[in-house]
S.K.: 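Questions regarding the structure given below will be posed in turn.
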Amino acid sequence: VGQSGAQRDPEAFRRLYRHYVPKVYAYVAHRVSTRQDAEDIVSETFLRAARDLYRFERRHEASFSAWLFRIARNLVTDFHRRTGRADPLESAEQVLGAGGIQSEPDQLVFQNEELTSVHELIHRLSPRQQEVITLGFFGGLRNQEIAALLGVDERTVATHLCRGLEELHRQRCLDRAKSRERGEG
Amino acid sequence: MKDERSLTESDRQLLDAVDQILSGGAFREHQEDSLYGTCAYLARVETRPNDKFTRELEDRLLVVWEQSRRSGKGASTARSPVRSIRSALAPFLAPHGQFSLVRGIVAAFLAIALLIGLAATALAVYMKIVVGEPSFDVASLDEAMRPAQFPVWVPSQGQLMRVYTLGNPNGSPWEYNIVVDYRLQDGRRFTVIQSKALPEFNLQQQYEKSQQDDPDHMRVLDGDVDINRSRGILYQIAGELVGTPPPGWRPWETHLVWQSDGTRLSLNENVAYPLISPGEMTAIARSIREAKH
């Protein structure tokens with residue numbers, strides 16, 4: 001999916017959009033609290049990208065995806081600055097719940113729980129760890145692209161990724177242990 | 001506690017595993033309770049947008065894309081003739097900027113055609129602009145959509161190179177621009193592109209934002225600004241700014257935009273922008289007359 005074709009051809013632009021919208025949505029959804037906020041930010045991200053796409057070639061970006069995620073990330077940052085609110089964990093399922101999961105009903109419950117659990121786990125990490133993990137795992141960016149996006153070197157990204165994953169794993173083990181205790185009790 | 005930048009052997013193994021997992025492999029090879037199992041679990045999670053939302057957004061985007069494509073072509077042509085010529089010649093240049101023989105001949109023919117075209121265009125433009133007086137007086141620029149006030153660093157005398165329009169005056173605001181090219185006495189030149197402001201980007205609206213660390217210098221009207229301070233230079237600047245670019249700002253990296261009271265004015269070209277206060281910018285924007293198409 002090339003951005004240069006998408007600058008001239010609407011069909012190429014459509015393909016570009018369809019390729020990236022799940023990734024950008026997944027990244028944004030894990031950075032905000034409600035589905036509505038996620039949709040607003042994703043909409044604004046792509047509207048700006050559509051409007052500024054013709055200027056993309058003049059920039060010194062690592063890649064098109066890095067440019068696109070830069071817009072999304074700045075909007076997420078603005079959103080948090082503007083609202084000044086933390087992400088309420090209990091509303092995670094509003095973001096990640098019904099609507100997008102193409103599964104059988106019995107799987108849907110499982111999927112919702114799983115998504116909510118991941119959202120909660122991520123929000124227990126430091127902001128920078130959250131950023132690196134969501135950009136890598138949900139946005140599909142490589143460490144090099146994340147480094148360019150965050151203005152740090154690749155080694156720092158790798159370190160944040162490792163520490164973040166270790167912490168996330170530790171939290172997940174604790175949750176599972178608590179869950180087992182409740183089940184046994 | 002581990003140093004933030006230190007990478008151990010187990011870190012490298014973890015990074016390799018993450019690469020492997022994210023590239024679509026090895027999901028089931030790791031124990032669920034292991035660290036690698038958690039990575040696989042994380043990669044397995046799929047968060048999808050609502051189909052209705054995706055479809056509706058796509059429809060909106062195609063409209064915006066079309067508008068932007070039209071105005072973007074015009075704006076980029078007007079913004080930097082030097083770069084336009086360079087990019088037009090790019091297909092004829094060898095990787096290191098050398099002309100190849102065949103491509104050079106083709107380029108020569110095209111250059112002649114270009115010169116003929118430019119001569120014809122210049123003649124047409126000459127017929128359109130005020131004839132006989134090559135210099136202009138800022139205070140007398142009272143035509144529609146021209147600012148009555150300029151930044152203080154613009155000298156009162158200069159040469160009006162040309163005035164032309166881009167796009168359809170009956171189209172959306174983005175589709176119609178009046179472009180005024182000036183050459184200053186010291187040889188610098190700048191372009192003023194004037195159009196109607198989009199209401200949602202009006203200065204008085206919520207889209208006006210300020211950078212926390214430097215509110216007087218980085219008032220962001222639209223788009224995003226990202227400055228990599230760690231390298232000591234400014235780059236990766238996107239969007240449009242209202243305010244004074246910091247020292248070291250290269251003019252081709254962005255352009256300044258004033259937008260107020262239904263009018264939009266953008267300045268670009270090879271002028272190094274000196275200090276402009278927000279109050280002065282607002283006064284300039286408000287001095288622009290309403291367009292009379």
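To find a chain, count down the sequence lines: A is the first, B the second, and so on, and within it residues start at 1.
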S.K.: Quick one: OG on B:Ser34 to NE2 on A:His169, what's the gap to the nearest 0.5 Å?
M.R.: 6.5 Å
S.K.: Mind checking the CG-CD spacing from B:Leu57 to A:Glu44? Nearest 0.5 Å is all I need.
M.R.: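 Spacing of CG (B:Leu57) from CD (A:Glu44) equals 10.5 Å.
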S.K.: CG of B:Leu35 to CZ of A:Arg172: how many Å apart, nearest 0.5 Å?
M.R.: 10.5 Å
S.K.: Quick test of your reading of the model: are B:Asp11 and A:Arg163 salt-bridged, counting only N-O distances below 4.0 Å?
M.R.: yes
S.K.: What option among A:Val21, A:Leu121, A:Asn143, A:Leu47 has the most heavy-atom pairs under 4.5 Å with chain B?
M.R.: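 Among A:Val21, A:Leu121, A:Asn143, A:Leu47, the one with the most close pairs to chain B is A:Leu47.
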S.K.: What closest approach, in Å, do B:Pro49 and A:Pro22 show between heavy atoms, and which atom pair accounts for it?
M.R.: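 For B:Pro49 and A:Pro22, the tightest heavy-atom pair comes out as CD-CA, 4.0 Å.
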S.K.: Would a 4.5 Å heavy-atom cut-off, applied to side chains only, mark B:Leu62 and A:Tyr17 as touching?
M.R.: no
S.K.: Do the non-hydrogen side-chain atoms of B:Leu15 and A:Leu161 ever get within less than 4.5 Å of each other?
M.R.: yes
S.K.: Would you give the length of the straight line joining atom CD of A:Gln36 to atom CZ of B:Phe53, rounded to the nearest 0.5 angstrom?
M.R.: 9.0 Å
S.K.: Is A:Phe137 in contact with chain B via its backbone, its side chain, both, or neither, using a 4.5 Å heavy-atom distance?
M.R.: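 Contact with chain B is through both the backbone and side chain of A:Phe137.
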S.K.: Name the region of A:Arg176, side chain, backbone, both or neither, that has any atom closer than 4.5 Å to a heavy atom of chain B.
M.R.: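 The side chain, not the backbone.
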S.K.: Side chain, backbone, both or neither: which part of B:Leu14 has a non-hydrogen atom closer than 4.5 Å to chain A?
M.R.: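 The side chain, not the backbone.
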S.K.: Evaluate the side-chain proximity of A:Arg35 to B:Asn50: yes if any heavy-atom separation is below 4.5 Å, no if none is.
M.R.: yes
S.K.: Name the region of A:Val42, side chain, backbone, both or neither, that has any atom closer than 4.5 Å to a heavy atom of chain B.
M.R.: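 Backbone plus side chain of A:Val42, per the 4.5 Å heavy-atom cut-off to chain B.
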S.K.: Before you tell me yes or no, could you show the steps for A:Leu165 and B:Leu42 under side chain to side chain contact (heavy atoms under 4.5 Å, CB included), namely the whole-Å CA-CA distance, both residues' side-chain angles and the distance that decides it to 0.1 Å?
M.R.: CA-CA 9 Å; A:Leu165 288 170; B:Leu42 203 58; 3.8 Å; yes
